[in-house]
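This report refers to the structure that appears directly beneath it.
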2 protein chains.
Amino acid sequence: MKETADSEETHGRRGTRMADIAAMAGVSSMTVSRVLRDRSCVMPATLSRIEAAIDATGYVPNRVAGSLASRRTDIVGLIVPSLRNSLFAETIKGVSDILGPMHPLMIADSGYSLKGEEIAIRAFLGQRVCGIILHNTKHSPRGRAMLLEAGIPCIETGNLAQQPIDMAVGFSNRDAASAMTMYLLGRGYRHIGFVCLPTKDNDRAAERKAGYLNALSHASLLADPRIVIESPPGLKSGGQALSYLVEVVPEIDAVFFSGDVLATGALLEANRRGWIVPDRIAIAGSDDSELQESVSPPLTTLRFPRYEIGRRAADMLLNRLSGRSSGRAIVDLGFEIIRRASA
Amino acid sequence: MKETADSEETHGRRGTRMADIAAMAGVSSMTVSRVLRDRSCVMPATLSRIEAAIDATGYVPNRVAGSLASRRTDIVGLIVPSLRNSLFAETIKGVSDILGPMHPLMIADSGYSLKGEEIAIRAFLGQRVCGIILHNTKHSPRGRAMLLEAGIPCIETGNLAQQPIDMAVGFSNRDAASAMTMYLLGRGYRHIGFVCLPTKDNDRAAERKAGYLNALSHASLLADPRIVIESPPGLKSGGQALSYLVEVVPEIDAVFFSGDVLATGALLEANRRGWIVPDRIAIAGSDDSELQESVSPPLTTLRFPRYEIGRRAADMLLNRLSGRSSGRAIVDLGFEIIRRASA
DNA sequence: CCTGCTGACGTTAGCGCGAACGTATGCTGG
DNA sequence: CCAGCATACGTTCGCGCTAACGTCAGCAGG
């Protein structure tokens, strides 16, 4: 004869349920449910019996069942172009810090592709997330439609959306790039090169290029297309871009690197060549980091409040969920030009 | 008289359910369910009717309900000490790349604290994740007990656990630090300083310090406690550590920086002081990055396969879930010493 | 003494799916 | 001609919780 079929040791693996706790405490499961969500609405004596039972069993409420019954989850979905990029890590950290353990965070990586974003959106909607934070302003039509249809709060961060799906928080890449270009013009540079990341599916890079061109035309200068280039991300890539630019247009006197660590790479390349920055050539970067401050000479860069953007995005989401706010909102957190020795 | 109570436009917000699709396609909801999980087990004609209905409505299956019914989710939980640190970002990316959209990834930040990790574990178990990946080998007793009790696959990554809860994949920080110290000894350095991150609640840093001390004693050398220090992370902090060490023990001829960007900060500081590296002092780092390769002189560092660790961890998790593997496993992915000019 | 109210708790009825099992139909072979 | 089996699909039930409502005791005030 075999073992008892339903012994604790074998099939007992099903785990403690709320009804078990209720039975142990001599109450109905509804009372346990209430304790779990708001301990103040049961009598102290009852409460302590229930808590004793929970402690004794190590009961962990099943949020899946709870979510189905209440028709909502506390899960927030976040989609970033890349999980590798430390820029996005700042925003992720800001989101995570505000959400806390009460709102689990689901993160997906779109791989810088619209299709990837759409797949992630669908997956998140399947999980019935209570809100979505995106780090891209450009979306596939289908992705946009799904978000609209879902009727959940949606926050687009980073580059400020002109036609947000719902809410947006960030800064204007165009304005920032324009401001930096004007700064360089104000310092007397006249042959200013521009390097950004590939603009395909990357509205941020495209906006920065537009800002640069905009500033030049405001100053009644013609952009020289030979020194407006796109480059893959990375330190080496920045160095290569600098090499390319000075070869094509030797009279170039400044370069604005708009993206990742390109400027740092360029500076290291200039140092390697023994050029004095900014005398031979001025270098301006973006996305200030401790690194850019520590190189020699320290880099003049744009600084964006990425961590704060994450916090605000999460904050706006929670406010909407708790009904403390409603309706569309666009929050511009601006940018700073950090003036240092390199330009 | 008010509007019809249940019109599509007002209360119709409840969303499409599987039964709706089934009705549209003239089948039972079970058939729809089957299509969603394995399209090959229904007839082509039926399948196309169902898919047409899904397309027409934009139906997104409710995974919350599905998970409750099947008593399992596809969600993987990942806990990292910090979301800000690009080191962990590599591993996160590896995990995410393997999991793909079929296995949503929930990420929590323990804030380098055991208590924070425990809270995250509890939250994940509440969501009934199908597996957990941890980036820490040290856990609170309660956290450890919950993981054991939960009976789900658990993978500890990073520093190789000696007593893993379940499975582990990573490398030995101790061996790596020991190897680097021996390398420096082999190059003739005799007054080797050591800087690591604070060892409290950070088994990785503690292991590295142990490896360093181990190598010295193997070489029958006594460690000088004045030049074995802990330092907060960051570029500046690395520079400060270097300044401190040379002041305390001027005859110091090499420093092994075990953590984050400390070594780079030290190198930049040395450059600022006009010291020739490695002639005045040799500098070795850890956690190789493009940055460490690009500074001048390029840094000798330890390299850890962080991305690969993420991939393997996710891979082991999925294998376990699909039943293709079982039982404990410890995978050592090793490390490399990258020899460059700085030491 | 009855009404009305508040507080503390119980009861009922699902939430939207999927596991397990049931059924109808066609097809094969002896 | 029917057992035997596979294929394609339907039915039933319940996963573990919560919203909504019900109940009952206690108490104040007229």
Side-chain angles (χ1 to χ4, degrees), chain A residues 5-6 11-51 53-54 57 59-75 125-130 150, chain B residues 5-6 11-51 53-54 57 59-75 125-130 150:
Chain A
D6 250 320
H11 301 284
R13 226 57 193 114
R14 238 174 69 235
T16 317
R17 287 149 315 173
M18 211 147 102
D20 302 329
I21 301 296
M24 289 173 69
V27 295
S28 80
S29 63
M30 199 59 227
T31 306
V32 178
S33 175
R34 275 191 271 257
V35 166
L36 259 15
R37 282 169 300 158
D38 174 16
R39 9 181 324 124
S40 74
C41 65
V42 295
M43 284 188 8
T46 316
L47 186 132
S48 63
R49 287 205 319 280
I50 292 174
E51 290 192 322
I54 290 175
T57 54
Y59 169 63
V60 179
N62 186 334
R63 300 290 298 112
V64 176
S67 294
L68 181 62
S70 65
R71 299 194 194 183
R72 60 180 191 78
T73 70
D74 297 323
I75 304 170
L125 294 182
Q127 300 292 339
R128 296 297 189 265
V129 296
C130 65
Chain B
D6 250 320
H11 301 282
R13 227 53 194 119
R14 236 175 71 235
T16 316
R17 288 150 315 171
M18 212 148 97
D20 302 329
I21 301 297
M24 288 174 70
V27 295
S28 78
S29 63
M30 198 60 226
T31 305
V32 178
S33 175
R34 277 191 270 257
V35 165
L36 258 15
R37 284 169 299 156
D38 175 16
R39 6 180 327 123
S40 73
C41 64
V42 295
M43 284 190 4
T46 316
L47 187 133
S48 64
R49 289 207 315 280
I50 294 175
E51 290 193 322
I54 290 176
T57 55
Y59 169 63
V60 180
N62 186 334
R63 299 292 299 117
V64 176
S67 295
L68 181 61
S70 65
R71 300 195 197 182
R72 61 180 191 78
T73 70
D74 296 323
I75 304 170
L125 294 183
Q127 300 292 338
R128 297 296 189 267
V129 295
C130 64

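Below, chains carry the letters A, B, ... as their sequence lines are ordered, and counting in each starts from 1.
Contact footprint of chain A on DNA chain C: nucleotides with an atom under 4.0 Å from a non-hydrogen protein atom, first to last in 5' to 3' order, dA8(C) to dG16(C).
Comparing the end axes of the helix from dC1(C)-dG30(D) to dG30(C)-dC1(D), each fitted to five base pairs by superposing C1' atoms of four pairs onto the next four, gives an inter-axis angle of 40° (nearest 10 degrees).
Here CD1 of Ile75(A) is found 4.5 Å from CD of Gln127(B). Values are rounded to the nearest 0.5 Å. Distance OG1/Thr31(A) to CE/Met18(A): 9.0 Å, rounded to 0.5 Å.
Checked against side chain to side chain contact (heavy atoms under 4.5 Å, CB included), Ile54(B) has the following partners two or more places apart in sequence or in another chain: Ile21(B), Leu36(B), Ile50(B), Tyr59(B). Arg17(A) is linked by a side chain to side chain donor-acceptor pair (under 3.5 Å) to Asp20(A), counting only residues two or more places apart in sequence or in another chain. Under the side chain to side chain donor-acceptor pair (under 3.5 Å) criterion, Arg34(A) pairs with no residue, sequence neighbours left out. Remark: Arg63(B) pairs with Asp74(B) by the side chain to side chain donor-acceptor pair (under 3.5 Å) rule, at least two apart or across chains. With sequence neighbours excluded, no residue forms a salt bridge (charged side-chain N to carboxylate O under 4.0 Å, His left out) with Arg71(A). Partners of Arg128(A) by side chain to side chain contact (heavy atoms under 4.5 Å, CB included), not counting sequence neighbours, listed by chain and number: Thr73(A), Val60(B), Asn62(B), Val64(B). Shown here are the side chain to side chain donor-acceptor pair (under 3.5 Å) partners of Ser33(B), two or more places apart in sequence or in another chain: Arg37(B).
When every heavy atom of Arg39(B) is checked against every heavy atom of Leu47(B), the shortest pair comes out as O-CD1, 3.1 Å. The two residues Ala45(B) and Ser48(B) make their nearest non-hydrogen contact at O-OG, 2.9 Å. Scanning all heavy atoms of the two residues, the minimum distance from Arg49(A) to Gly26(A) falls at NH2-O, 4.1 Å. Shortest non-hydrogen contact noted between Ser28(A) and Ala22(A) is C-CB, 3.6 Å.
Among the heavy atoms of the strands, none lies under 4.0 Å from Val64(A).
A straight line from CD of Gln127(B) to P of dG16(D) spans 16 Å, rounded to a whole angstrom. Taking atom CG of residue Leu125(B) and atom C1' of nucleotide dG16(D), one finds them 16 Å apart after rounding to whole Å.
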Can you name the atoms? Protein N/O to nucleotides 11-15 of chain D N/O, anything below 3.5 Å, with the distance.
from: dC15(D); atom 1: O2; to: Ala69(B); atom 2: N; distance (Å): 3.3

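DNA chain D lies under 4.0 Å from at least one heavy atom of each of the following residues of residues 35-50 of chain B: Val42(B), Met43(B), Thr46(B).
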